[in-house]
Amino acid sequence: MEKIRAAITGINAWAPEYRLTNQELSKLVDTSDEWIMQRVGIKERRIQKGEGLGSSDMGEQAVKGLLAKTNTSPDEVDLLICSTVTPDMMFPATANIISDKCGILNAFSFDLNAACSGFLFALQTAAAYVETGRYKKVVVVGADKMSSITDYTDRTTCPLFGDAAGAVLLEPTTEEFGIMDYIFRTDGSGRKFLHMKAGGSVRPSSHETVDAKEHYIYQEGQSVFKFAVSNMADVAAEIMERNNLKSEDIAWLVPHQANLRIIDATGRRMGLDPGKVMINIQNYGNTTTATIPLCMWEYENRLKKGDIIILAAFGGGFTWGSIYLKWAYDPQ
Ligand code: UT7
């Protein structure tokens with residue numbers, strides 16, 4: 001029997017209109033455009049404004065656009081997986097809500113949380129379903145409203161994050177395209193450096209937790225930086241080696257967009273020409289599970305059938321990993 005692979009056959013993303021610039025941030029906290037550009041590489045990030053809106057609303061926009069663009073009826077979707085660290089609610093799953101809002105009724109759906117590596121873990125999970133031969137159209141969506149857990153009085157975290165969603169359609173192919181290999185790792189002992197202190201079962205929400213600002217991102221930036229640089233670069237180099245890929249074979253690196261210095265270090269370790277590294281951190285900041293689809297969507301018209309692409313991410317958990325894929329279609 002021919003091997004079935006899972007190929008990305010469409011991509012879409014959505015970000016809110018409001019742009020929070022470094023200039024505006026410097027009125028909220030003691031920071032500057034110069035510091036943020038030098039240390040992180042972000043100029044502005046998008047913020048979802050408006051009462052009653054959450055990650056599912058951004059996911060809805062990304063998925064509806066994806067279905068329209070790929071001429072897919074909601075009834076044809078077999079499975080939808082949403083990766084998020086900012087679900088609409090503790091339960092039900094944001095994937096269930098996005099499916100409802102998009103009219104995806106003949107499918108099951110669930111959330112997957114692997115922080116900034118969530119999109120990669122969700123993509124590979126979806127691919128495993130497709131490779132069984134039973135699932136023909138699977139949607140993977142990364143959606144995060146990071147502004148809902150960002151403390152805009154904390155200068156060490158508030159410049160970093162933004163809101164967005166990105167989605168891809170995965171379909172089976174027997175050709176040599178699609179997801180070829182992956183390497184994923186987790187190390188839960190890294191949780192002390194990056195987490196949200198309250199609101200879970202260990203420390204449920206209370207007046208005390210709200211007063212202590214424990215519902216925001218807590219990050220020890222320098223420690224996370226060290227692990228991110230070494231692990232993201234190592235895993236990207238490892239997947240190249242395992243698949244006998246030379247730097248000249250690779251068309252694009254799509255790195256998680258947390259810090260330009262981490263992105264540059266990964267590209268250098270892989271021996272890549274800087275022009276082969278997708279970067280849009282300057283316009284969106286770190287949108288957690290949306291960074292990778294948002295980046296690929298912005299570069300979609302430059303991708304050609306057969307392009308060898310490496311995806312790489314590192315994030316809370318710690319979680320990290322890399323996917324090697326061959327792009328399945330030419331620009332429309
Ligand atoms: O996607 C999830 C995974 N997360 C990451 O990958 C993030 C990894 N970490 C980072 O990207 C970086 O560590 C940060 C961008 C968070 C911070 O950059 P850094 O170069 O590690 O800065 P630092 O924390 O060592 O701080 C250097 C100085 C400190 O001042 P002193 O102690 O040297 O006087 C900070 O207080 O910069 C100060 N500082 C700021 N100054 C102006 C910290 N934040 C700011 C700010 N504006 N926003």
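Side chains are part of it too, since the values below use all heavy atoms of this structure and drop only hydrogens, waters and symmetry mates. In this text the structure is predicted, and so the values were computed from the model without any measurement. Each ligand, and each atom within it, is numbered from 1 in the order the structure gives.
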Counting only pairs under 3.5 Å, give me each side-chain donor-acceptor contact of residues 193-202, with atom names and distances, residues two or more places apart or in other chains.
{"from": "His195", "atom 1": "ND1", "to": "Arg191", "atom 2": "O", "distance (Å)": "2.7"}
{"from": "His195", "atom 1": "NE2", "to": "Lys197", "atom 2": "NZ", "distance (Å)": "2.9"}

Measure from every N or O atom of ligand 1 to the protein's N or O atoms and keep only the pairs below 3.5 Å, writing each with atom names and distance to 0.1 Å.
{"from": "ligand 1", "atom 1": "1 (O)", "to": "His256", "atom 2": "NE2", "distance (Å)": "3.0"}
{"from": "ligand 1", "atom 1": "1 (O)", "to": "Asn286", "atom 2": "ND2", "distance (Å)": "2.8"}
{"from": "ligand 1", "atom 1": "4 (N)", "to": "Gln219", "atom 2": "OE1", "distance (Å)": "3.1"}
{"from": "ligand 1", "atom 1": "9 (N)", "to": "Gly221", "atom 2": "O", "distance (Å)": "3.1"}
{"from": "ligand 1", "atom 1": "11 (O)", "to": "Asn259", "atom 2": "ND2", "distance (Å)": "2.7"}
{"from": "ligand 1", "atom 1": "13 (O)", "to": "Gly221", "atom 2": "O", "distance (Å)": "3.0"}
{"from": "ligand 1", "atom 1": "20 (O)", "to": "Arg39", "atom 2": "NH1", "distance (Å)": "2.9"}
{"from": "ligand 1", "atom 1": "20 (O)", "to": "Arg261", "atom 2": "NH2", "distance (Å)": "3.0"}
{"from": "ligand 1", "atom 1": "25 (O)", "to": "Gln222", "atom 2": "NE2", "distance (Å)": "2.5"}
{"from": "ligand 1", "atom 1": "36 (O)", "to": "Arg155", "atom 2": "NH2", "distance (Å)": "3.0"}
{"from": "ligand 1", "atom 1": "37 (O)", "to": "Trp35", "atom 2": "NE1", "distance (Å)": "3.2"}
{"from": "ligand 1", "atom 1": "41 (N)", "to": "Trp35", "atom 2": "NE1", "distance (Å)": "3.3"}
{"from": "ligand 1", "atom 1": "41 (N)", "to": "Arg155", "atom 2": "NH1", "distance (Å)": "3.4"}
{"from": "ligand 1", "atom 1": "47 (N)", "to": "Thr31", "atom 2": "OG1", "distance (Å)": "2.7"}
{"from": "ligand 1", "atom 1": "48 (N)", "to": "Thr31", "atom 2": "OG1", "distance (Å)": "3.0"}
{"from": "ligand 1", "atom 1": "48 (N)", "to": "Arg155", "atom 2": "O", "distance (Å)": "2.8"}

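For the 3.5 Å distance criterion, the side chains of Thr289 and Asp144 qualify, holding a donor opposite an acceptor. When only modelled atom types and interatomic distance are considered, Thr153 and Lys213 share a side-chain donor-acceptor pair under 3.5 Å.
Using a 4.5 Å cut-off between side-chain heavy atoms of Ile, Leu, Val, Met, Phe, Trp and Tyr, Trp14 falls into a hydrophobic cluster with Met58.
Considering only residues two or more places apart in sequence or on other chains, Val254 meets the side chain to side chain contact (heavy atoms under 4.5 Å, CB included) condition with Met278, Ile292, Cys295, Met296, Ile309, Leu311.
Side-chain contact check for Thr266 versus Arg269: every heavy-atom pair is 4.5 Å or farther apart.
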